[in-house]
Amino acid sequence: NLILTATNSYPFSINLVATLLDGNKQAIGSLFSSPSLIQVPALDGNGKVITPLKSKLYIPLTPQKISVLQKARYVYYTSTFNTGNQPNQVKFYSNYTLDLLLTADINYTIGK
């Protein structure tokens, strides 16, 4: 598995797309089969984030995905904020961030 740890401090849930790029920054595949949802953190009565929420997204590694990953040199992330649950206008604060950390949990044998 690849594990994408997302720490969301925005007052919205976020749909995330991760596109794999080659050395020329051309799209060659995607990490997810569809956009992955990052949950919204808890909010106070004023709609401000109380504490950022850490989510883990697990990406199974199939032989096809491994083949594309071996060719990839970059990952390009696109996020869409889901604002449908907000009844009022929401302010953005300078401490709002989306931190992403991509790690792997693999066993891989190189040559014999």
Side-chain angles (χ1 to χ4, degrees):
N1 285 319
L2 290 178
I3 304 161
L4 182 67
T5 303
T7 305
N8 182 14
S9 64
Y10 283 96
F12 316 108
S13 62
I14 299 171
N15 285 322
L16 186 71
V17 174
T19 305
L20 298 169
L21 307 176
D22 65 13
N24 296 316
K25 298 187 180 174
Q26 298 299 308
I28 58 172
S30 178
L31 281 182
F32 311 118
S33 55
S34 61
S36 291
L37 184 66
I38 299 169
Q39 296 297 323
V40 62
L43 307 176
D44 67 13
N46 297 317
K48 289 180 76 175
V49 174
I50 298 169
T51 303
L53 180 65
K54 189 177 283 191
S55 303
K56 289 189 182 250
L57 307 173
Y58 293 90
I59 306 156
L61 291 176
T62 62
Q64 296 82 7
K65 180 100 42 184
I66 291 170
S67 176
V68 174
L69 280 168
Q70 289 172 327
K71 298 172 189 163
R73 295 294 171 257
Y74 305 96
V75 180
Y76 179 79
Y77 295 101
T78 306
S79 58
T80 304
F81 296 104
N82 300 312
T83 59
N85 295 346
Q86 301 296 333
N88 301 315
Q89 187 174 18
V90 176
K91 290 184 180 181
F92 279 70
Y93 295 95
S94 61
N95 64 322
Y96 286 171
T97 60
L98 175 62
D99 295 319
L100 303 172
L101 176 65
L102 184 62
T103 58
D105 180 16
I106 58 174
N107 291 321
Y108 190 75
T109 302
I110 300 174
K112 287 193 178 192

Side chains of residues 56-72: which donor-acceptor pairs under 3.5 Å do they make with residues two or more places apart or in other chains?
unit_1, atom_1, unit_2, atom_2, d
T62, OG1, Q64, OE1, 3.4
T62, OG1, K65, N, 3.1
K65, NZ, S30, O, 3.0
K65, NZ, L31, O, 2.7
Q70, NE2, Y108, OH, 2.7

Problem - Co-members of L53 in a cluster of I, L, V, M, F, W and Y side chains, linked at under 4.5 Å - result: none

Handout entry: Minimum heavy-atom distance between S9 and V49, given as atom pair plus value
Key = O-CG2, 3.1 Å

Completion exercise
Taken in chain and number order and not counting sequence neighbours, the residues that satisfy side-chain contact (heavy atoms from CB on, under 4.5 Å) with D44 are N46, K48, I50

Problem - Shared hydrophobic cluster for F81 and Y77 (ILVMFWY, side-chain gaps under 4.5 Å) - result: yes

Problem - For Y93, all residues meeting ring-ring contact (aromatic ring centres under 6.0 Å, His included), sequence neighbours excluded - result: Y96

Handout entry: Under the side-chain contact (heavy atoms from CB on, under 4.5 Å) test, residues paired with D99 that sit two or more places apart
Key = T7, T97

Handout entry: Short side-chain to backbone donor-acceptor contact, N8 and P41, under 3.5 Å
Key = no

Handout entry: Side chains of L101 and T103 in contact at under 4.5 Å (non-hydrogen atoms)
Key = yes

Ignoring hydrogens and angles, write down the donor-acceptor pairs under 3.5 Å from the side chains of residues 14-22, residues two or more places apart or on other chains.
unit_1, atom_1, unit_2, atom_2, d
N15, ND2, N82, OD1, 3.3
D22, OD1, N24, N, 2.9
D22, OD1, K25, N, 3.1
D22, OD1, Q26, N, 2.9

Problem - Considering all heavy atoms, the nearest S55-Q39 contact - result: OG-N, 3.9 Å

Completion exercise
Output for pair (F32 CZ, L37 CG), nearest 0.5 Å, gives 11.0 Å

Practice task
Locate the shortest heavy-atom distance separating P11 from V40; write the atom from each residue and the value.
Solution key: C-CG2, 3.5 Å

